[in-house]
Number of protein chains: 2
Amino acid sequence: MSQSSLPPLPCTCATLRRTARALTQLYEDAVRPYGLRATQFTILQVLSLAGEVTQGQLGHILVMDSTTLTRTLAIMTRRRWITRRRGRDKREWQLQLSRTGALQLERALPAWANAQQLVKEQMDGGSEQLMKLANDLTNAITVKEDRRDE
Amino acid sequence: MSQSSLPPLPCTCATLRRTARALTQLYEDAVRPYGLRATQFTILQVLSLAGEVTQGQLGHILVMDSTTLTRTLAIMTRRRWITRRRGRDKREWQLQLSRTGALQLERALPAWANAQQLVKEQMDGGSEQLMKLANDLTNAITVKEDRRDE
DNA sequence: GCCAATTACATGTATATACATCTAATTTGC
DNA sequence: GCAAATTAGATGTATATACATGTAATTGGC
């Protein structure tokens, strides 16, 4: 089994980027009917779990440059999936899932769960292992200065 | 150990995309002094290993849309890292690493090896496991129609 | 061999992504 | 409390990425 049709790559980064592309195709096929991209779905889901967070905190959680989020959040705010208000610190935005956004997430959730289920089945128990290793690596290489919040 | 500073994400796709972003930062920091992006380095390395391939074959290997490669290859061809010539089938391009490209790869290789080594150390033996699981998943979800070449 | 279907790549468009640089707000030293 | 240093996010720019669609070449059916 596992009759490799893809040549292995010598580079860990290239390998994980390739897997991310493959997964992105699978998941975007799933949520496309709801007008969502992978990143957008992820942000909806994270906001739903995390409640109110600043743009910078969201960037930390996703290991994504805060200025990258400026563009994606602009799209999502325009579509009224997210509400933003200034925090006590007037430089930062407090972000929250709007009712529309929560509804949007709810609608797409079954399609996402299907993709998620398919991955679990294909990996035959290995998906938890994969997630754990991926998270260990992310934690290990994500710069420590990013901590201070806890 | 492994005092998780990052919250786990419920989504396999989001998790792997996050890891890919973290890895990309590490590896791009390494090869940036040589004017290379992660994707560009990967293409140099793959061409060095694979010899002459068509654009479509390269897309299969990287699980990347062939039309995406059009843009990246245009950049790399402009910089003379790659030579393209029409194949017997005049629709396709036969791609090859140029001497300049091979030199470019050679120059950046030690910096890449450092990043690679750092990942290996951080993962304490788990990096092979991670690569294997990632490749299994990629093979499992990559559409089978993509085979015919072997 | 011809026409229809398919294939390989190009192009238009939208989003994702990061870095350099900029501005405004906050924090730190004194 | 003020000036200097830092921080949060915005903006300009370049690349990465995929999909829809277009064009030219190839293949398949007859």
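So you know, we letter chains A, B, ... as the sequences are listed, proteins then strands, and number each from 1.
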Which residue lies toward the 5' end of DNA chain D, B:I75 or B:K90, if each is placed at its nearest nucleotide? B:I75
For D:dT15, take OP1 and OP2 only and decide whether either is under 4.0 Å from a side-chain N or O of B:Q40. no
Is there a side-chain polar atom (N or O) of B:R86 under 4.0 Å from OP1 or OP2 of D:dT26? no
N/O donor-acceptor pair, side chain B:T68 with base D:dA18, under 3.5 angstrom: yes
One pair to check against salt bridge (Lys or Arg N to Asp or Glu O under 4.0 Å): B:E28 and B:R37. What are the steps and the verdict? CA-CA 6 Å; B:E28 290 207 333; B:R37 302 291 299 264; 3.2 Å; yes
For nucleotides 20-23 of chain C, which of its nitrogen or oxygen atoms have a protein nitrogen or oxygen under 3.5 Å away, and what is each distance?
none

Correct closest heavy-atom pair for B:P10 and A:W112 would be O-CZ2, 3.8 Å
Think B:Q57 has a side-chain N or O under 4.0 angstrom from the OP1 or OP2 of C:dA8? no
Which is true for B:E28 with a 4.0 Å heavy-atom rule: it touches a base, it touches only sugar-phosphate, or it touches nothing? nothing
From CG of B:L58 across to P of C:dA8 the rounded distance in Å is 14 Å
Is there a donor-acceptor contact under 3.5 Å linking the side chains of A:R17 and B:T24? yes
Rounded distance in Å - CD (B:E92) to P (C:dT7): 13 Å
Given the structure, check if the side chain of A:R91 and the base of D:dA8 hold any donor-acceptor pair shorter than 3.5 Å. no
Could you tell me whether the phosphate oxygens of D:dT17, OP1 or OP2, come under 4.0 Å of any side-chain nitrogen or oxygen in A:Q25? no
Please determine whether a side-chain nitrogen of the Lys or Arg among B:E52 and B:R84 lies less than 4.0 Å from a carboxylate oxygen of the Asp or Glu. no
Let me know the distance between CG of A:L69 and P of D:dA10, rounded to the nearest Å. 10 Å
Residue-phosphate contact under 4.0 Å: A:R37 side-chain N/O, C:dA14 OP1/OP2: no
Nucleotide C:dA25, atom P - distance to CG of A:D89 in whole Å: 10 Å
Which nucleotide, D:dG9, D:dT17, C:dT15, lies nearest any side-chain atom of A:Q55? D:dG9
Take the protein atom CG of A:L73 and the nucleotide atom P of D:dT11, then report the distance between them rounded to whole Å. 13 Å
Rounded distance in Å - CZ (B:R21) to P (D:dT17): 13 Å
Enter the distance from B:R21:CZ to A:T142:OG1 here, rounded to the nearest 0.5 Å. 10.0 Å
Interatomic distance where CG belongs to A:L62 and P belongs to C:dA16 [whole Å]: 12 Å
Over how many whole Å does the gap from A:I43 atom CD1 to C:dT15 atom C1' extend? 11 Å
With a 4.0 Å limit, can you tell me whether B:T39 has a side-chain N or O closer than that to the phosphate oxygens OP1/OP2 of D:dT15? no
Is B:R18 touching bases, backbone alone, or none of the nucleic acid, heavy atoms closer than 4.0 Å? nothing
Would you say C:dT17 has OP1 or OP2 under 4.0 Å from some side-chain N or O of A:T72? no
If you measure from CD1 on A:I43 to CG on A:L97, what distance do you get to the nearest 0.5 Å? 11.0 Å
Compare side-chain N and O positions of B:T70 against OP1 and OP2 of C:dA10 and report whether any pair is under 4.0 Å apart. yes
Flag if over 12 foreign heavy atoms under 6.0 Å of CZ, B:R107: yes
B:D29 vs B:R84, nearer the 5' end of DNA chain C by closest nucleotide: B:R84
Is it true that, when you exclude B:R99 itself, more than 12 heavy atoms of the residues, nucleotides or ligands shown sit nearer than 6.0 Å to its CZ? no
Sugar-phosphate only, base, or nothing, as touched by A:R78 at under 4.0 Å among non-hydrogen atoms: nothing
Examine distances only and state if a side-chain atom of B:T42 and a backbone atom of B:A38 form a donor-acceptor pair shorter than 3.5 Å. yes
